Participant: 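Sharing a structure with you now.
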2 protein chains.
Amino acid sequence: MSEIESFFKSAFSVDNVIFGFDEGELNILLIQRGAAPYKGKWALPGDLVYPNEDLDTAAERVLEQLTGLRGVYLEQVKTFGSVNRHPLGRVITVAYFSLVKVGKHTINPASFAQSARWHKLSEVKDLAFDHNEILDSCLKRLKRKVRTAPLGFELLPPKFTLSELQQLYDSVLDLPKKLDKRNFRKKILSMGFLVESAELQEGVAHRPAKLYSFDRVKYGQFLNEGYVFDL
Amino acid sequence: MSEIESFFKSAFSVDNVIFGFDEGELNILLIQRGAAPYKGKWALPGDLVYPNEDLDTAAERVLEQLTGLRGVYLEQVKTFGSVNRHPLGRVITVAYFSLVKVGKHTINPASFAQSARWHKLSEVKDLAFDHNEILDSCLKRLKRKVRTAPLGFELLPPKFTLSELQQLYDSVLDLPKKLDKRNFRKKILSMGFLVESAELQEGVAHRPAKLYSFDRVKYGQFLNEGYVFDL
DNA sequence: ATACTTATTGTAGAATTTACACCATACCGT
DNA sequence: ACGGTATGGTGTAAATTCTACAATAAGTAT
């Protein structure tokens, strides 16, 4: 085999850290591997990139095949390429994270693995390959990003209460002290792209909260004026 | 050819955006391609990743072969993998940027290209492949990163004046208004990891400025206390 | 000595951030 | 219907940080 040929004995994949927010906690969607290597282990959903497929497209495809969702938030984070990260050959993987609204989809593990389900982030451990490292990178990126871009809204249903929104930020940021309720509301409302609906929360055993929604158009206008989201 | 084999008909490379600061301006180190494709065009220094080489190692190697420098700041930025980005086959490339002190090295283009030299950032245009896009990404990353980590110091010689430091930040950030001199000094000095030397600037036709240096150890101590660099 | 160039320094007003506690309103049991 | 319980909703004062701004100092060049 010529030297140049040996360069082409490698493959690349995408792996996707899919975040969701449920029961006041950050969750991620994992698959259970149905084949060697790491058979039976939980892993990030991912796949080899097709020869004529762009990287972003591959990441979108993985997400869509698993959840049926399209057009969700997706961001490339980092590429992992240690020589021995994959037991079967040289495979480098491009890590993405995506943010989905839990409940708006059905999970279809068939195309990937024997099963797939949401895991509380706090209960995730010992994933296949170098996926723990990948998860750490994506989580770190998410934590930084939610403070400078209104990504939090991607994880919530279209209508939500301010308490839910704060709970999300408390959960994602995982700060030693929770955010102050009054200050949080003041700041987020002062940004001007939350719209109050007439509706109230239902089915709770206490005073129901007002529902708000995120106005993407208004947010876009702020952007044009050089506005910087900063929580 | 089996399907699985077709996945392994691809290669990956690293490309390195090497930033330097010279004559009050941000510069980048480019090579001029000696072979097709894009023969004669200026391009980012890069190379295919060896079969048994980690990505970071490959990026370090490219930098060292070109400049002789080791241990400089290097950060992975993004991976580019459009299907047709390389005329000769499917090659995805992992982009890095590095920060070097101009003047502390000699450039050796031999291993890569017919020539290599520093270019003022403002004069760079029409690079080979998708390298303009890669440069844009790295520049954007640098702009964000210099505000939240003391990266600027990687671009300056060990001893520098506060004016040089500010000039660097003005140049990198490229804001509509320059930073205010008094406020900049106040803020950077209040951080506590700049150490004033007894020496003065030499060879200038005006009042010489005090020289300062960046105390990496002190900065590390701040980090342990949860300090956040924020310009 | 005079002109020239860059270095160095402080303050007051504005804006932002932080800390903090009580009443309101719904549901639920009884 | 009434009291208990749980979360929703709201303002202010003090501290801190940010911003704008200009005059003198210390060298070199002529």
Side-chain angles (χ1 to χ4, degrees), chain A residues 21 23-25 146-148 156-157 159-171 173 175-213 222 225-231, chain B residues 21 23-25 146-148 156-157 159-171 173 175-213 222 225-231:
Chain A
F21 185 69
E23 297 179 14
E25 220 178 314
V146 291
R147 304 198 75 138
T148 53
L156 291 175
K159 298 201 170 175
F160 47 84
T161 71
L162 292 185
S163 290
E164 286 167 346
L165 184 60
Q166 183 184 340
Q167 203 174 32
L168 187 161
Y169 275 97
D170 277 328
S171 167
L173 297 175
L175 300 169
K177 294 160 196 163
K178 289 190 178 187
L179 300 169
D180 179 87
K181 190 175 19 166
R182 275 178 287 191
N183 294 339
F184 175 79
R185 292 159 99 95
K186 221 181 309 174
K187 185 149 194 180
I188 205 89
L189 286 173
S190 76
M191 292 178 175
F193 48 75
L194 280 190
V195 291
E196 188 179 325
S197 88
E199 298 167 61
L200 295 180
Q201 202 178 17
E202 282 177 18
V204 290
H206 55 77
R207 174 176 175 180
K210 282 183 216 160
L211 291 174
Y212 289 80
S213 61
F222 282 104
E225 296 162 16
Y227 178 77
V228 182
F229 178 94
D230 190 4
L231 193 70
Chain B
F21 185 69
E23 297 180 14
E25 220 177 315
V146 292
R147 304 198 76 136
T148 54
L156 290 175
K159 300 202 170 175
F160 47 83
T161 71
L162 293 184
S163 291
E164 286 166 346
L165 184 60
Q166 182 184 343
Q167 201 174 32
L168 187 160
Y169 275 97
D170 277 329
S171 167
L173 296 176
L175 299 170
K177 294 160 196 165
K178 289 190 178 188
L179 299 169
D180 179 87
K181 190 173 15 168
R182 274 178 285 192
N183 294 338
F184 176 80
R185 289 166 172 248
K186 222 180 308 173
K187 185 148 195 182
I188 204 91
L189 286 173
S190 75
M191 291 178 175
F193 47 75
L194 279 190
V195 291
E196 187 178 325
S197 88
E199 299 166 63
L200 294 179
Q201 201 179 19
E202 282 176 18
V204 290
H206 54 79
R207 173 175 176 180
K210 281 184 217 161
L211 292 173
Y212 289 80
S213 61
F222 282 104
E225 296 163 16
Y227 177 78
V228 182
F229 178 94
D230 191 5
L231 192 71

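Since the structure is predicted, the reported quantities are computational estimates derived from the model, not experimental observations. Each chain gets a letter, A, B and so on, in the order its sequence line appears, and its residues count up from 1.
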Participant: Whole-Å distance between dT12(D) C1' and N183(A) CG?
Facilitator: 11 Å
Participant: In terms of ring plane angle, is the pair F193(A) and F222(A) parallel, tilted or perpendicular, where the classes change at 30° and 60°?
Facilitator: perpendicular
Participant: F184(A) vs D170(A), test: side-chain contact (heavy atoms from CB on, under 4.5 Å). Steps then yes/no.
Facilitator: CA-CA 11 Å; F184(A) 175 79; D170(A) 277 328; over 6 Å; no
Participant: To the nearest 0.5 Å, how far apart are OH in Y212(A) and CD1 in I188(A)?
Facilitator: 11.5 Å
Participant: Report the residue (A205(A) or D180(A)) whose heavy-atom-nearest nucleotide on DNA chain C is the more 5′ of the two.
Facilitator: D180(A)
Participant: Nearest-Å distance, CZ (R185(B)) to P (dC18(D))?
Facilitator: 19 Å
Participant: Tell me the interatomic distance from K186(A), atom NZ, to dG11(D), atom C1', rounded to whole angstroms.
Facilitator: 8 Å
Participant: For K210(A), report the nucleic acid contact type (base, sugar-phosphate, nothing); a contact means any heavy atom under 4.0 Å.
Facilitator: sugar-phosphate
Participant: Using a 4.0 Å heavy-atom cut-off, does S163(A) contact any base of the nucleic acid, only the sugar-phosphate backbone, or nothing at all?
Facilitator: sugar-phosphate
Participant: Nearest to the side chain of K181(A) - dC27(C), dG8(D), dT28(D)?
Facilitator: dG8(D)
Participant: Write down the distance between CD (E202(A)) and C1' (dA26(C)), rounded to a whole number of angstrom.
Facilitator: 13 Å
Participant: Atom CD of Q201(A) to atom C1' of dG9(D): distance rounded to whole Å?
Facilitator: 13 Å
Participant: Could you say whether R182(B) or V204(B) is positioned toward the 5' end of DNA chain D, judged by the nucleotide with the nearest heavy atom to each?
Facilitator: R182(B)
Participant: CD/Q166(B) to CZ/R185(B) distance, rounded to the nearest 0.5 angstrom?
Facilitator: 7.5 Å
Participant: Please give, in whole Å, the distance from dA7(C) P to E164(B) CD?
Facilitator: 9 Å
Participant: Quick check: does any side chain N or O of Q201(B) sit under 3.5 Å from a backbone N or O of A209(B), one acting as donor and the other as acceptor?
Facilitator: yes
Participant: Choosing from dG8(D), dA7(C), dA20(D), which nucleotide comes nearest the side chain of A209(B)?
Facilitator: dA7(C)
Participant: Is any N or O donor-acceptor pair between the side chain of R207(B) and the base of dA7(C) shorter than 3.5 Å?
Facilitator: yes
Participant: Check every strand shown and say whether K187(A) touches a base, only sugar-phosphate, or nothing at a heavy-atom separation below 4.0 Å.
Facilitator: sugar-phosphate
Participant: Within this structure, what is the CG-to-C1' distance between D230(A) and dT17(D), rounded to whole angstrom?
Facilitator: 14 Å
Participant: How many whole angstroms separate atom CG of L189(A) from atom P of dG8(D)?
Facilitator: 14 Å
